[in-house]
Each structure stands twice: as structure tokens, then as C-alpha cells.
S.K.: 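First the structure, which I've put down as C-alpha cells, then a few questions once you've had a look.
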Amino acid sequence: MSEILEIFPSERAKLYEKFVDKLQTASNLNRQLVSFQANKEEPVYRWFKYKEGFSSNLVTYFLTKYSKKPGKVLDPFAGIGTTLFAGQALGWETHGIELLPVGVFVMKTRQALRRIDLNDLQASVRILWSELEKVEDHINHFSHITITRDAFPDGTETALNRFLTYCNTIRNKDIRSVFRFAAFSILEEVSYTRKDGQYLRWDYRSKRELAGKPFNKGRIQTFERALKLKFSQLLADLSPQNDSLFNFGENAQHNQHPITIIQGSCLEELPKLRDASFDFIVTSPPYCNRYDYTRTYALELVYLGCDSEKVRNLRQELLSCTVENKEKINYLKQLYASIGRRAAFDLVLSTYSSSTAMKEVNSVLDELNRLDKLNNNNIPRMVRNYFLELCFTISEMARVIKGGGYCVMVNDNVRYGGEEIPVDLILSEFAEEFGFNVQKIFVLPKGKGNSSQQMGNYGRTEIRKCVYMWQKQ
Ligand SMILES: C[S@@+](CC[C@H](N)C(=O)[O-])C[C@H]1O[C@@H](n2cnc3c(N)ncnc32)[C@H](O)[C@@H]1O
């Protein structure tokens, strides 16, 4: 490695020096405030666990502290809509872009819940079981993909199909959504799988031939019991007697703006938005950590009707954050040419190429790969494209935000082959090039180690988890 360091006298260290005054340990922004765990008191997050989300409190904190009055807020990686719903509650007009049908479905259900009459929902739940018995010819709703096949006990899959067939007969589309959502949020519970870091872990009782130490996930609920419990939870949380944070029915604020949800890739959708049309952006992109949303949420995707081809395409459209992601550059070139913005495309490429820290990271990773020091040889490609695609995203965010507007971004640094990649600094440098002032890079008080396989080799050292705050000039 010393050979490498001689060739590249740390550009990352220089970048650190450049931004060191902006780095600020933020004791008020602790991990609990930032992460999804702070949402536990909000019903939606209790009903369906989405660990990749940040907290509503974080959104509320920034929107109220850094803006005198509500305006228009955007989240280009909307997830299940934390920015959109927290912003809406404060009177903001909110817009979100989300690629995966999982997040879009949850957001749409959250909207449906706002419109629904609780008495109608209760009545529909009351008759559900007797109605289900009347369903004779149920349709098969699952086009399983390799990683979901045999995920459910046979009886459970039949019950799920029966239930979905019944849902199609429910005329009120909001009640239909809530019904489908209730079963959607118990899929893991009634399956042989458990979401476990990068992959689904399989219980020894499944029909699969499993290698390694048998895994017992404990009691696997029947569909009927799990769904009954889920409906009880939903109805109890939605009841007006429950003093929850959820603005439901009579508690809803009447002057809230509707939420705009765009389903698609932000790389494609951001260029369609008008210049200087937003006052604030609060967002968190996927981290550069190989985490594959399409694997973690495979059961949910299949439940929502995605087949193998659809899932494969979604995986490729994700911001490059897995070793499977291929380059999107030719596609982006065509896209920008087709909307007459070739100069914008060229500017992004030259901004990316002129980052010396980026160059250093790419070269060091290539060298580590050559020395066989990375545990997957597509890591350099993933990292290269992760930053390139975020460079496009940041250039677009700078274009759509008004002068003086803020962009708040939550992201983690990462480490591969022992080399720290200062995601916060590299992205902040891009942001500056596109006309943002880097106001602060808030560093969360407790960092985290890296994935377990790397900790084994390099010991646990802290890498920064940050909230960046950039202001458009
Ligand atoms: C860290 S999560 C954001 C969670 C969100 N802050 C919340 O609280 O729900 C990142 C999200 O970006 C989405 N995503 C990944 N690639 C995308 C793309 N190209 N366009 C739009 N969304 C994308 C993922 O599906 C995921 O939901």
C-alpha cells in the first residue's frame, strides 16, 4: 500500500483540511433522532418496519429551524415518505420521487388512510372473515422470483392468494389499499424468511436446501392470526381516542397541501422539474454500502406484483449501491441529449473528473482490486458509479432549488479494503461546484464500524455518519 500512497499523496486529507471547519459534532442530532427508531411512536412506522428511513423529528427540526415559513419541499429518495408527511404536517407543499413500488405503496396507503372513514374501515374488517370464506376461485397473485420461491408455508400462500382475490372485489379503493397494506406488513412474519442485513435469511423448516448452520426464526404465525393482530393494531392506533401523532379523520389538519408522489428514478425525474422551484430539500440517498433494497424487500415486491424481470430492472435502476449495478452513463448521456441539455451532462462529467479526492479513491480501489484485497471485484465500479450518479443528482438538486434554499442530506461514510471513503467531503465538494455553500457537515456523535466482514480484518474504528447542510447561493 505504501507504493499507492506515494503516487497519491492523500487528496482525501487535503479535502478534509478544506472542510474541517464545517465538520461539527452535533450532540443534539443523536442517532436516535436521525434514525427510523425515533419514529416508533408514529403508527405507520409501527405497522410496517422500514429501517432505512430517517425520523420525522429530523425533518421537523430542519424545516422549522432553517425556514421562516412553509414553502415547497422535495425528497428525491422519498422512501416511505418521512419528509413528505412530516413536511405536510407543518404546512409545506411536499414532493417526492421514489423508485421502488414498496415505498410508493406505503406512501399511497398513508394518503388513503387520511381519506378513509374509520367506521367504514371497522365495518369492512368485521365482515372480512366471513367474506373470505365465500371466495371460491382464488387467483394466483405471486410470480415468484428465485429468492422468494417457497418463502411461505403452502397454506399461507393459499390464504394470501385468497385474501388478495377478495381485496380485488372491494369497491372502495382506499379500503382496498389499507387491506392490501395490512397483509403486506405481515409478509415477513408469516414467511420462512427474515430480513437480515444484505439478504433474506431462511428458516430450516422451509422446503429449500439450505447450507450452513440451521436457522430457527421462532414461531411462524398463521396468516389469519397475524392479519387479525395487524388489523387490531391498525384500528387501535387509528381510533380517535388514541392520542397518536397520526393525523387521522377528525384530527387531520384541514389546510394541508396534498402530497405529490412521483414513481421512478430521480436520475430521470429530477431533470423534468422546473428550475428554482423548491425552497428546501431533505433527503437520504442509499448509502454506498452494497445494501440491496430489492433483496431485502423481495417478498414485498413480489406481493405487489413484480416478476423477475421487473425486479431485475429495478435493481439496475437503483442508485448504484450494489456490486451488481452496471454503468448508467450511456443511458444518462442519451437522456440529457434528448431533453436538449447536453451541456449540463458535460458539466457533471467534468465536475466528477476534476475531483482529485474522487480520483484517488477510484485509483486506490482499483489497486486494491488488482492486489485481490477487496471481497468483491465489482466494488470499484459500484463506488465510481455511486458518486457519478450522485453528482448528477446534486447538480439537479442545485438547479431546482431556489437561491437561499437548503439541501439537507443524511448519509454514511464507508470503508473498503481498509480505505475510508469520505462520502461527506466528496459530495460536499460536488455541491460547491454546483453553487451550494457548504454550511455544516453535522457529524453524529457515535459513528459506526463497517460491515462485520471488514471489521474482522481492520478492527472497529469509527467512520462518520453525517447530516450535510448545503445552502444554494
Ligand atoms: C435511505 S432510503 C430513504 C428513506 C426515506 N428518507 C424515509 O425516511 O423513508 C433511500 C431510498 O432511495 C430509493 N432509491 C434508490 N435509488 C433510487 C433512484 N434512482 N431514484 C429514486 N429513488 C431511489 C430507495 O428505494 C430507498 O427507498
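Counting from 1, the numbers follow the sequence of the chain as shown. What's counted below: heavy atoms across the whole structure, side chains too, no hydrogens, waters or symmetry copies. All figures in this text were calculated on a predicted structure; none of them were measured in a lab. As the structure lists them, so they are numbered: ligands from 1, and atoms in each ligand from 1.
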S.K.: Any atom of ligand 1 sitting under 4.0 Å from a heavy atom of L267?
M.R.: no

S.K.: Between Y50 and Y297, does the ring centre distance come in under 6.0 Å?
M.R.: yes

S.K.: Out of R315, Q263, E269, E98, indicate the one that has the non-hydrogen atom closest to atom 11 (C) of ligand 1.
M.R.: E98

S.K.: Does a side-chain heavy-atom distance below 4.5 Å link I379 with R290?
M.R.: yes

S.K.: Could you walk me through whether D292 and T294 pass side chain to side chain donor-acceptor pair (under 3.5 Å), step by step?
M.R.: CA-CA 5 Å; D292 186 343; T294 62; 2.5 Å; yes

S.K.: Should one rank S56, C266, S284, A78 by closest heavy-atom distance to atom 3 (C) of ligand 1, which comes out on top?
M.R.: S284

S.K.: List ligand 1 atoms under 4.0 Å from G79, heavy atoms only on the residue side.
M.R.: 4 (C), 5 (C), 9 (O), 27 (O)

S.K.: Answer with yes or no after comparing the ring centroid distance for Y468 and W470 against a 6.0 Å cut-off, counting only values under it.
M.R.: yes

S.K.: Of all the atoms in ligand 1, which lie at a distance below 4.0 Å from a heavy atom belonging to E317?
M.R.: 19 (N)

S.K.: Would you say the ring centers of Y293 and Y291 fall short of 6.0 Å from each other?
M.R.: yes

S.K.: Compute the centroid of each ring, for F436 and then for F430, and state whether the two points are separated by less than 6.0 Å.
M.R.: no

S.K.: Assess the pair F48 and F184: is the distance between their ring centroids shorter than 6.0 Å?
M.R.: yes

S.K.: Does R341 qualify as a cation-pi partner of Y336, given the criterion of NZ or CZ under 6.0 Å from the six-membered ring centre and within 45 degrees of its axis?
M.R.: no

S.K.: Using distance alone, with no hydrogens and no angle criterion, decide if N289 and D412 have a side-chain donor and acceptor under 3.5 Å apart.
M.R.: no

S.K.: Just heavy atoms, cut-off under 4.0 Å: does C321 contact ligand 1 by side chain, backbone, both, or neither?
M.R.: neither

S.K.: For atom 7 (C) of ligand 1, which of the options V106, T82, V59, T83 provides the nearest non-hydrogen atom?
M.R.: T82

S.K.: Considering F77, F85, Y293, which one's heavy-atom position lies nearest to atom 23 (C) of ligand 1?
M.R.: F77

S.K.: Let's go through F179 and F231 carefully: what are the C-alpha distance in whole Å and the side-chain angles of both, what is the deciding distance for ring pair (Phe, Tyr, Trp, His ring centres under 6.0 Å) to 0.1 Å, and is it a yes or a no?
M.R.: CA-CA 9 Å; F179 267 50; F231 272 126; 4.9 Å; yes

S.K.: Give yes if a backbone or side-chain nitrogen or oxygen of F54 is under 3.5 Å from a nitrogen or oxygen of ligand 1, and no if not.
M.R.: yes

S.K.: Could you tell me which atoms of ligand 1, counted from 1 in the order shown, lie closer than 4.0 angstrom to a heavy atom of G264?
M.R.: 20 (N), 21 (C)

S.K.: List ligand 1 atoms under 4.0 Å from L100, heavy atoms only on the residue side.
M.R.: 25 (O)

S.K.: Does at least one non-hydrogen atom of G103 fall below 4.0 angstrom from an atom of ligand 1?
M.R.: no

S.K.: Taking non-hydrogen atoms only, is Y50 closer than 4.0 angstrom to ligand 1 via side chain, backbone, both or neither?
M.R.: side chain

S.K.: Any idea which atoms of ligand 1 are less than 4.0 Å away from a heavy-atom of E52?
M.R.: 1 (C), 2 (S), 4 (C)

S.K.: Within ligand 1, which atoms have a heavy atom of L318 less than 4.0 Å away?
M.R.: 15 (C), 16 (N)

S.K.: Can you name the atoms of ligand 1, numbered from 1 with element, that are less than 4.0 Å from a heavy atom of P76?
M.R.: 21 (C), 22 (N)

S.K.: Would the F392 and F345 ring centres measure less than 6.0 Å apart?
M.R.: yes

S.K.: Numbering the atoms of ligand 1 from 1, which are under 4.0 Å from a heavy atom of G53?
M.R.: 4 (C), 7 (C), 8 (O), 9 (O)

